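The structure presented is a predicted model; accordingly, all values stated were derived computationally and were not measured. Position 1 is the first residue of the sequence, and the numbers go up from there. Whatever order the structure lists ligands and atoms in, that order sets their numbers, starting from 1.
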Amino acid sequence: MKNCFDVVIAGGAATGSALAYFLSASRSFKGSVLVIEKDSSYQKCATALSAASIRHQFSTVENIQMSQFGSEFLYGIGETLEVDGERPDVNFHEAGYLFLSTPEGYATLRENNALQRSLGAQIALLSDRQLQDKYSWLNVSDLAGGSLGLKGEGWLDAYGMMRAFRRKAITQGVSYIENEVVQVHREGARVTGVTLNNGETVACGVFVNAAGTGAMKLARQAGIELPIESRKRSVFYVTCPETVNDCPMLIDPSGAYIHPEGEGFICGIQPPADQDPECFDFDVQYPLFDELLWPILAHRVPAFEALRCEHSWAGHYDYCTFDQNVILGYHPDINNMVFANGFSGHGMQQSPAVGRALAELIEFGEYRSLNLKRLGWERVLNNQPIIEKNVW
Ligand SMILES: Cc1cc2nc3c(=O)[nH]c(=O)nc-3n(C[C@H](O)[C@H](O)[C@H](O)COP(=O)(O)OP(=O)(O)OC[C@H]3O[C@@H](n4cnc5c(N)ncnc54)[C@H](O)[C@@H]3O)c2cc1C
């Protein structure tokens, strides 16, 4: 292997591979790209363990636009990422998100909806009566209404998408190696290279930190403190003996979610804040299902009283403690280190947009398609968080 690359990317899951794809797809980019991925089986990364859903229902312009691009990308993914006549199918179920709102949260829901629609998102506002007419299985007694995504929202095979990015990037000339970056070398305002687990060193023109929950360690080695922690999220696959027809991705005002998957559903909920420490183990939080999630789901959909948990898993994501949004781009103290960290549960759907944006930033020194500057380090350093307005 060469020991010098124009761009070295640590982490080859959704973010790293999307970036590798977009860089190598650019006709004007002539540089060499190396992706260093410590586990080519991808068994434990957030991308593979994700609930793999995409929504346009955010309250921040950039988050809405990134997901809109994500959906557009998914429509054409077969053709775009085709290799040797094989077109990837990531099984995009475009069934929409249904955000439910109590009377207290309804003003926020409407405000969010107005912004989403102004950006071209196709999202309908439904009153409690309309919800009941459409979904006879739903308990609307404590709801004021909801907002339903009509286009572009749903769930997919995130692992398949990541693999498709990787495969296409390789055919476009990107090198992938299975190894771990164990040391980042910084001299003044530049990262000069990295040391791998086998002792080899690789010099770089640009270094990209796309290491998910491994990102904090790499940042620290470069002298930068990322406000990010590894947070565990448990996902439960359940079946229900009763029929619940046309169920979209249902988001309860409590934050609990559930959507159809195969013969059953997958569901989850964030643990209460005081039970959500930094965490690296993969033990499923079963009490969360029994004591919190199931009662909420059974209240919202009485048929879910009879849910049966068939299996479950836990994964980790890179949670941005500053404002739960990604930190994207160069740090002002280092000229050639790019960050894409702190996705906080949105990173799978944002990976096509982030891959494209960072490819532009690296090649042209600026964002050209979507201006994601506001998501950069400056907001963190100037203490200007961008807070998503949740609906209760
Ligand atoms: C349970 C769960 C549900 C989720 N649901 C959704 C959802 O519905 N929608 C959504 O958009 N997002 C969701 N997410 C979040 C989403 O999965 C992540 O934000 C996204 O996958 C992040 O991708 P990534 O490539 O940045 O990081 P990761 O997928 O974590 O990949 C990082 C990669 O870096 C590698 N790595 C780490 N350290 C090093 C090192 N030192 N050297 C070399 N390689 C290294 C790792 O092996 C890994 O493969 C969910 C996450 C979880 C855990």
### Task
Anything with a heavy atom under 4.0 Å from ligand 1 counts, so go ahead and list those protein residues by chain and number.
Gly11, Ala13, Ala14, Thr15, Ile36, Glu37, Lys38, Tyr42, Cys45, Ala46, Thr47, Leu49, Ser50, Ala51, Ala52, Ser53, Asn179, Glu180, Val181, Ala210, Ala211, Gly212, Gly214, Leu218, Arg233, Val235, Gly315, His316, Tyr317, Phe343, Gly345, His346, Gly347, Met348, Gln349
### Task
On the 0 to 90° scale, with breaks at 30° and 60°, tag the His311-Tyr237 ring pair as parallel, tilted or perpendicular.
parallel
### Task
Please answer whether the main-chain N or O of Glu360 pairs with a side-chain N or O of Glu366 as donor and acceptor at a distance below 3.5 Å.
no
### Task
Look only at the side chain of Ser32 and the backbone of Asp6, and say whether a donor-acceptor pair between them is shorter than 3.5 Å.
yes
### Query
Among Ile327, Asn325, Val354, which residue meets the side chain to side chain contact (heavy atoms under 4.5 Å, CB included) test with Phe343?
Val354
### Task
For the residue pair Phe304 and Phe265, categorise the inter-ring angle as parallel (less than 30°), tilted (30 to 60°) or perpendicular (more than 60°).
perpendicular
### Query
What's the verdict on side-chain contact (heavy atoms from CB on, under 4.5 Å) for Gln349 and Met66, showing C-alpha distance, side-chain angles and the deciding distance?
CA-CA 8 Å; Gln349 63 198 279; Met66 279 196 278; over 6 Å; no
